[in-house]
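Quick notes on the structure that follows.
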Amino acid sequence: MNFRFQNLLGAPYRGGNVVITDDAVLLSSVGNRVAGTDLLKYETQTLPFEASSNIARIVASPDGAFLLVVDNNSRALFINLRRRAVLHHITFKRPVTALRFSPDGSLIAVGLGKLLQIWRSPGFHVDFFPFQLERTYPDCTGTVTALDWSPDSEYILVGSKDLTVRLFSSKGSRGQNKPFLFLGHRDAIVGAFFWAKKKSGRVFRVYTISRDGSIFTWNLVESHDFDTSEGFNSDPPSPGTPEQGSSELYNKKRKNFGGNDVENSEIPLHKARWELLKKDFFMQSPAKLTACDYHRELDMVVVGFSNGVFGLYQMPDFVCIHLLSISREKITTAVFNKLGNWLIFGCAKLGQLLVWEWRSESYILKQQGQGHYFDVNCIAYSPDSQMLVTGADDNKLKVWTVSSGFCFITLSEHTNAVTAVHFMANSHTLLSASLDGTFVSSSDPSGEVICAGTLDSFETGRLLDVLGGHEGPVHGLMFSPTNSILASSSWDKTVRLWDVFEGKGAVETFPHTHDVLTVVYHPDGKQLACTTLDGHIHFWDPIDGLLMYTIEGRRDIAGGRLMTDRRSASNSSSGKYFTTLCYSADGSYIFAGGNSKYICMYDITDQVLLRRFQITRNLSLDGVLDFLNSKKMTDAGPLDLIDDEDTDVEEGIDQQTRKILGHDLPGSMPNRGRPIVRTKCLKIAPTGRSWAAATTEGVLMYSIDESFVFDPTDLDVVVTPEAVDEALEKYQPQRALLLSLRLNEDSLIKKCIFSVKPLDIPVVSSSMPIKYLHRLIEAFADLLESCPHIEFLLHWCQELCEAHGHAIQQNSRSLLPALRSLQKAISKLHQDLTDTYISYLGIDLVSLYVELHHGQCW
């Protein structure tokens with residue numbers, strides 16, 4: 001099956017900067033991936049590429065065509081944002097601390113420790129060396145922390161931890177590129193920005209912001225000019241420093257510009273004279289300023305502090321427009337959108353990502369509810385495959401819309417980690433269990449949203465029965481889909497079947513040689529699958545009590561070495577077993593996952609491995625590498641696990657680590673909160689076209705992409721797209737549809753469907769071969785979700801079911817995924833029409849009331 005990555009749900013914002021494009025798409029880092037949130041359509045889509053480790057910096061080109069992503073290992077990806085494809089790779093030699101595209105998009109400024117490098121931006125064309133280094137500036141004596149380009153891409157401001165802001169020119173030779181220094185700050189620089197006139201685009205002002213909460217305003221001195229014979233080849237004096245050398249370097253002649261900047265425009269900005277206009281302070285001590293941004297057109301500054309307070313100020317008068325608290329933790333990012341009406345804030349420690357409209361003082365997005373901050377333990381699909389519910393260690397339940405990737409409700413009734421969730425058959429009732437000893441039943445009679453829940457404790461509820469017989473902890477439960485038999489798996493090396501309503505104890509016991517970890521039923525109830533501690537998957541016949549198949553999966557799931565492992569991945573036995581299983585919708589294959597970076601897909605009939613999915617390639621997680629680097633092994637242990645108390649992580653971006661939830665219990669790894677890659681739960685959608693996995697990275701969604709898949713054995717020289725067009729011109733709908741089905745090209749099939757006249761639909765549908773029913777039903781399901789010709793498509797579906805009803809019933813197992821997709825599309829369409837009718841009915845009732853009231857008044 002051609003399953004491909006679709007989306008990533010449940011993963012919160014954990015650090016790094018954010019970018020908002022011109023089309024209102026918010027890009028943020030989620031582990032080693034980039035998530036895009038459409039703020040207008042309220043849809044979230046994760047880009048289909050991975051970095052080698054957690055992403056530290058992202059920056060988009062001014063036209064929104066390219067995205068540059070840099071991870072913690074200084075490996076960069078240059079991405080075509082519109083096609084979501086990786087174009088180029090590059091590895092920088094030092095950690096990247098700042099990143100910025102020039103306004104014309106031709107250059108990229110990169111801060112590498114104490115160095116500033118200017119790179120030529122690659123384009124769509126293919127080059128042997130796509131990234132070309134233009135020049136390097138080694139002038140900074142501290143780590144570069146802030147960058148800003150002038151509007152004409154000629155100059156760049158560089159702020160660093162040496163308390164200095166430098167003004168460089170991106171043109172000219174090395175001897176003429178000595179920077180101008182803006183001095184006077186008493187803490188590390190957080191931001192430096194140009195201000196330019198709107199008409200001329202000429203820079204006349206610079207703002208510099210430091211970590212101690214001060215902002216300096218610098219003005220370009222227009223009343224003085226240089227002697228062109230010597231001024232360009234010498235260094236201007238910096239403010240706050242005594243004069244060195246002769247004063248004859250500058251010929252200060254007062255000129256009457258009269259508003260004309262022609263002569264002054266010839267002076268390079270880094271050779272001109274700047275004066276400190278004023279100093280302003282945000283007065284948030286002892287909190288530190290951690291994030292800032294500047295909107296050049298509005299001349300406004302937004303700042304965020306370590307105590308969760310943000311401020312919006314109008315410059316250059318330093319007028320406070322807003323000063324609010326949005327969190328108790330440090331704000332790690334604060335940016336404007338292009339129009340300047342939205343403010344985006346991020347708090348890595350709490351996983352918050354907020355979009356705020358400052359004029360109306362309203363929230364556009366509050367993403368604290370868009371992700372679980374701790375690991376997701378369990379997931380479940382709704383019967384119509386439109387919703388997905390997740391339960392996690394943060395004691396919360398979240399319900400997601402699968403198509404949009406948005407969480408529309410969060411339930412917080414539990415007081416401990418949620419361990420199990422289940423949708424009832426009506427799609428409007430949700431059951432959940434937790435380690436707090438309670439279960440929650442959440443329901444909504446209207447079926448629109450899950451709005452309320454009741455908390456029932458086993459201590460006060462009525463106990464129906466106690467099934468005893470296991471000699472060890474019970475680790476898995478599942479009811480048969482066809483009868484009242486309950487299957488249970490236990491660490492006592494047995495699987496037991498119970499008749500719940502008869503109450504006669506265990507009906508059947510299946511012994512194993514190792515502890516049984518989980519148990520699942522086949523969709524038809526005629527098969528039972530369970531996993532054991534030795535890495536095997538056993539398939540049992542629950543009716544006859546016979547062992548049908550056994551799959552040895554130790555070699556398939558093995559891989560990955562933890563930092564604390566004393567043995568290599570090939571010799572270690574830890575994690576070489578499955579902890580979760582899930583049958584496909586038709587029961588032909590099964591998914592298996594566990595404490596490994598792999599998810600295995602097996603064919604049940606032949607007991608062979610069909611495909612192995614690697615859930616992540618994030619080297620920031622433990623257990624991804626098969627071979628550890630011997631250079632990082634010391635006498636005190638792995639270098640990555642040694643706690644360095646002298647690091648200045650607090651001054652930059654917090655590391656994306658999570659605290660151990662084991663609380664020193666057996667099995668909790670002392671790896672400084674470094675997450676271990678694993679799969680806790682697997683579920684396949686009832687339609688069979690997608691599946692989800694609850695992993696350390698979040699909930700990974702995979703779906704089938706069959707837009708262009710054909711069978712070569714069904715082709716001959718006459719089966720071509722030209723033959724389809726010829727049949728359509730002659731109005732031979734039956735022949736055209738058959739040819740398009742043999743080609744299995746989606747666009748041709750839909751074209752032929754719409755070419756059939758309504759009166760000819762019964763004849764054409766009855767002449768379709770049975771083997772093409774699956775493809776036709778899939779095409780109708782896809783069209784009903786996006787096509788406005790509802791009556792025409794429903795007429796097609798009705799005639800197809802009437803003509804081939806018996807064949808559909810005989811082949812229900814193979815057609816089940818397609819039929820469920822069709823049911824999902826029709827149900828969604830019915831709900832949309834119902835909502836539209838109710839809204840129009842409400843408008844009519846209001847109009848009627850107004851008319852009656854108006855008549856009574858008369």
Side-chain angles (χ1 to χ4, degrees), residues 15-17 56-57 59 70 72 74 92-100 108-119 133 135-149 155-170 174 177-194 206-218 235-242 244 269-270 274 276 279 281-282 285-294 303-306 330 332-334 644-655:
N17 65 315
R57 299 280 175 181
V59 62
V70 183
N72 291 335
S74 300
F92 296 104
K93 296 181 179 181
R94 300 186 182 186
V96 177
T97 56
L99 202 63
R100 185 66 67 95
I108 304 174
V110 183
L112 301 174
K114 299 179 181 180
L115 299 179
L116 171 65
Q117 291 185 348
I118 306 296
W119 293 78
L133 181 61
R135 54 182 53 86
T136 300
Y137 302 96
D139 300 79
C140 297
T141 58
T143 303
V144 176
T145 57
L147 297 173
D148 190 43
W149 288 89
Y155 303 95
I156 183 170
L157 279 175
V158 181
S160 60
K161 290 185 178 180
D162 58 4
L163 321 183
T164 307
V165 177
R166 292 170 172 83
L167 176 58
F168 291 96
S169 172
S170 61
R174 170 64 182 152
N177 271 339
K178 292 185 178 181
F180 185 89
L181 306 181
F182 297 91
L183 304 175
H185 286 285
R186 298 184 179 181
D187 207 338
I189 303 300
V190 179
F193 308 100
F194 285 108
V206 167
Y207 299 108
T208 58
I209 305 174
S210 61
R211 190 169 176 263
D212 59 354
S214 62
I215 178 170
F216 292 1
T217 304
W218 307 81
D235 295 335
S238 299
T241 59
Q244 298 180 0
L269 294 180
H270 66 296
W274 296 81
L276 179 61
K279 299 180 181 180
F281 300 91
F282 297 102
S285 181
K288 297 294 184 180
L289 193 147
T290 56
C292 65
D293 193 24
Y294 173 71
V303 291
F305 298 90
S306 58
K330 181 179 72 172
T332 53
T333 183
D644 186 5
E645 298 180 355
D646 296 331
T647 57
D648 53 353
V649 176
E650 182 63 24
E651 296 183 9
I653 299 173
D654 283 339
Q655 292 180 352

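As the structure is a prediction and not an experimental result, all values here were calculated from the model.
A donor-acceptor contact shorter than 3.5 Å is absent between the side chain of Arg211 and the backbone of Val190. Panel note: side chain Arg57, backbone Asn17; no donor-acceptor pair is recorded below 3.5 Å. In this structure, the side chain of Thr145 engages the main chain of Gly159 through a donor-acceptor pair within 3.5 Å. Formation of a donor-acceptor pair under 3.5 Å by the Thr164 side chain with backbone atoms of Asp162 is found in this model. Proximity of a side-chain donor or acceptor of Ser210 to a complementary backbone N or O of Asp187 within less than 3.5 Å is not detected. A side-chain donor-acceptor contact under 3.5 Å links Ser306 to the backbone of Lys288.
Scanning all heavy atoms of the two residues, the minimum distance from Trp218 to Leu183 falls at CH2-O, 3.1 Å. Across all non-hydrogen atoms, the minimal contact from Gly191 to Ala146 is CA-CB, 3.7 Å. Smallest separation of non-hydrogen atoms from Ala109 and Leu147: O-CD1, 3.6 Å. What you find for Phe305 and Ala287 is that their closest heavy atoms are CB-CB, 4.3 Å. When every heavy atom of Arg166 is checked against every heavy atom of Ser160, the shortest pair comes out as NH1-OG, 3.6 Å. Nearest heavy atoms, His270 versus Tyr155: ND1-CE2, 3.6 Å.
Here OG1 of Thr208 is found 7.5 Å from CD1 of Ile215. Values are rounded to the nearest 0.5 Å. Rounding to the nearest 0.5 Å places CG of Leu112 at 4.5 Å from CD of Gln117. Taken from NE2 in His185 to OG in Ser214, the straight-line distance is 5.0 Å, to the nearest 0.5 Å. Note: Leu289 CG to Asp212 CG = 8.5 Å, rounded to the nearest 0.5 Å. Rounding to the nearest 0.5 Å places CZ of Phe168 at 9.0 Å from CD1 of Ile118. Summarising the geometry, atom OG1 belonging to Thr333 is positioned 8.0 Å from atom CG belonging to Asp293; distances are rounded to the nearest 0.5 Å.
Between Trp119 and Phe92, the two ring planes are perpendicular [angle over 60°; tilted spans 30° to 60°]. Using cut-offs of 30° and 60° on the angle between ring planes, the pair Tyr294 and Tyr207 is tilted.
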For this session: Determine, step by step, whether Ile156 and Leu116 satisfy the side-chain contact (heavy atoms from CB on, under 4.5 Å) criterion, reporting the C-alpha distance in whole Å, the side-chain angles of both residues, the deciding distance to 0.1 Å, and the verdict.
Result: CA-CA 10 Å; Ile156 183 170; Leu116 171 65; 4.3 Å; yes

For this session: Give the C-alpha distance, both sets of side-chain angles, the deciding distance and a yes or no for side-chain contact (heavy atoms from CB on, under 4.5 Å) between Leu157 and Phe182.
Result: CA-CA 10 Å; Leu157 279 175; Phe182 297 91; 3.9 Å; yes

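Using a 4.5 Å heavy-atom threshold, the side chains of Leu269 and Phe180 count as separate. In this structure the side chain of Tyr137 never reaches within 4.5 angstrom of the side chain of Pro179, judged on heavy atoms.
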